[in-house]
Amino acid sequence: MQRVAVVRFPGSNCDDDTLRGAEAGGSSAYFVWHRDADLGGADVVVLPGGFSYGDYLRSGAIARFSPIMAAVQRHAAEGGAVLGICNGFQILCEAGLLPGALVRNAGLAFVSRPVDLRVERCDTPCTSAFRTGEVIRLPVSHGDGRFVADAPTLDALEAEGRVVLRYVACVPGRPNPNGSARDIAGICNPAANVVGIMPHPDRAWDDERMGQSDGRRFFTSIAAWRRPSALEESVS
């Protein structure tokens, strides 16, 4: 069973739902405090949504210096899976694990509503349960969710197939909710083991209690994921 570490920062507010989502998906999940020095043998690390350090200075800018982030950096460098959700995505960009930045939404309004998304890449640790091109619905909830990067970086993300999720306008009048460049809602690193997304699968994994369940497959993907080296060893 996959061991999933959910990192708690001061100001995290989606950590409980993320942990329960990981358990519902079939993993063994536990919390790691931001001041901890190791990840407790995690296979997958999730940085949940919220307002780490109150978003003082800039979203994710202080959390990137938490002691646990050194362990997250090592985990990612060794091929371990990392998923950042909303504030977690902001932290991954601030830490240099993903390119670009998440800045104030276009229109300067906080947005909190369901959005439609196209799954652009299905070979990441958190999207293997989807089909490429599939349109799903997840909630967003952020004030600093507009993904920006310089033109060469955006071109590289597109050319290398590193856009994981993209906003689509299935409902008339409800397009890209924050003005993100090229409608980008989620990206990954070159090795695809580090993924950041702005929508919240942690708020949409149980139809009965949450009214949506497209998010559940992010967690079943995590439960099914294995490091490439582990797969190679099992085959040999």
Side-chain angles (χ1 to χ4, degrees), residues 14 46-49 55 58-61 64 76 81-171 173-204 214-215 217-218 221:
C14 300
V46 182
L47 309 185
D55 277 354
R58 191 174 61 247
S59 297
R64 63 164 293 196
V82 180
L83 170 64
I85 302 170
C86 195
N87 188 229
F89 186 9
Q90 295 160 344
I91 295 168
L92 290 176
C93 290
E94 290 289 339
L97 284 166
L98 291 174
L102 284 307
V103 301
R104 191 63 54 91
N105 295 342
L108 306 181
F110 191 97
V111 294
S112 182
R113 62 177 170 81
V115 298
D116 295 313
L117 303 139
R118 185 170 58 245
V119 180
E120 303 281 33
R121 184 160 178 168
C122 297
D123 60 345
T124 79
C126 63
T127 55
S128 62
F130 295 95
R131 301 184 308 277
T132 301
E134 183 177 0
V135 175
I136 62 174
R137 178 165 289 188
L138 292 175
V140 293
S141 183
H142 55 247
D144 298 318
R146 179 162 59 96
F147 180 76
V148 296
D150 58 27
T153 299
L154 292 171
D155 289 343
L157 288 171
E158 300 280 7
E160 296 167 10
R162 291 166 56 193
V163 177
V164 177
L165 294 177
R166 203 183 304 267
Y167 300 109
V168 294
C170 290
V171 178
R174 293 202 146 196
N176 178 336
N178 50 39
S180 282
R182 303 189 190 184
D183 298 329
I184 290 173
I187 60 172
C188 63
N189 68 342
N193 63 310
V194 179
V195 177
I197 60 174
M198 283 313 295
H200 282 269
D202 48 297
R203 298 185 184 182
D214 280 343
R217 283 186 283 167
F218 284 83
S221 297

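Quick caveat, the model's predicted, so the values are computed rather than measured.
- Screening Ile197, Ile187, Val195, Val119 for a side chain to side chain contact (heavy atoms under 4.5 Å, CB included) with Thr124, the sole residue that qualifies is Val195.
- Closest of all the heavy-atom pairs between Tyr167 and Met198 is OH-CB, 3.6 Å.
- Separation of atoms OG (Ser221) and CG (Asp123) is listed at 11.0 Å; rounding is to 0.5 Å.
- The CD atom of Glu160 sits 10.5 Å away from atom CG of Asp155, with the distance rounded to the nearest 0.5 Å.
- Looking at heavy atoms from C-beta onward, Pro201 lies in side-chain contact with Ile85 at the 4.5 angstrom threshold.
- Asn193 places a side-chain N or O within donor-acceptor distance of the main-chain N or O of Ala76, the cut-off being under 3.5 Å.
- We find the CG-CG distance between Asp144 and Asn87 to be 9.5 Å, quoted to the nearest 0.5 Å.
- In plain terms, the two heavy atoms of Leu165 and Val163 that are nearest each other are O-CG1, 3.6 Å.
- Leu117 has its side chain within reach of Pro199: a pair of non-hydrogen atoms, C-beta onward, lies under 4.5 Å apart.
- Taking 4.5 Å as the limit, every side-chain heavy atom of Glu120 sits out of range of all side-chain heavy atoms of Val164.
- To the nearest 0.5 Å, atoms CG (Asn176) and CZ (Phe147) are separated by 12.5 Å.
- Nearest approach of Arg121 to Gly161, heavy atoms of both residues: NH1-O, 2.9 Å.
- Between the Ser59 side chain and the Asp55 main chain, no donor and acceptor come within less than 3.5 Å of each other.
- Of all heavy-atom pairs between Cys93 and Leu102, the closest is SG-CD2, 3.7 Å.
- Taking both residues in full, the closest heavy atoms of Ser180 and Gly145 are given as OG-O, 3.3 Å, listed atom of the first, atom of the second, then distance.
- The backbone N or O of Ala192 lies less than 3.5 Å from a partner atom in the side chain of Asn189, making a donor-acceptor pair.
- Between the Arg64 side chain and the Ile91 main chain, no donor and acceptor come within less than 3.5 Å of each other.
- Rounding to the nearest 0.5 Å gives a distance of 5.5 Å between CG of Leu157 and CD1 of Ile184.
- Between His142 and Cys86, the closest heavy-atom pair is CB-SG, 4.0 Å.
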Kindly indicate, with the supporting measurements, whether the criterion side-chain contact (heavy atoms from CB on, under 4.5 Å) is fulfilled by Phe218 and Ile136. CA-CA 11 Å; Phe218 284 83; Ile136 62 174; 4.0 Å; yes
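- The pair Arg166-Glu158 meets the salt-bridge criterion, with a side-chain N (NZ, NE, NH1 or NH2) lying under 4.0 Å from an Asp/Glu carboxylate O.
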Before giving the answer on side-chain contact (heavy atoms from CB on, under 4.5 Å), spell out for Ser141 and Arg203 the whole-Å C-alpha distance, their side-chain angles and the decisive distance to 0.1 Å. CA-CA 10 Å; Ser141 183; Arg203 298 185 184 182; 3.3 Å; yes
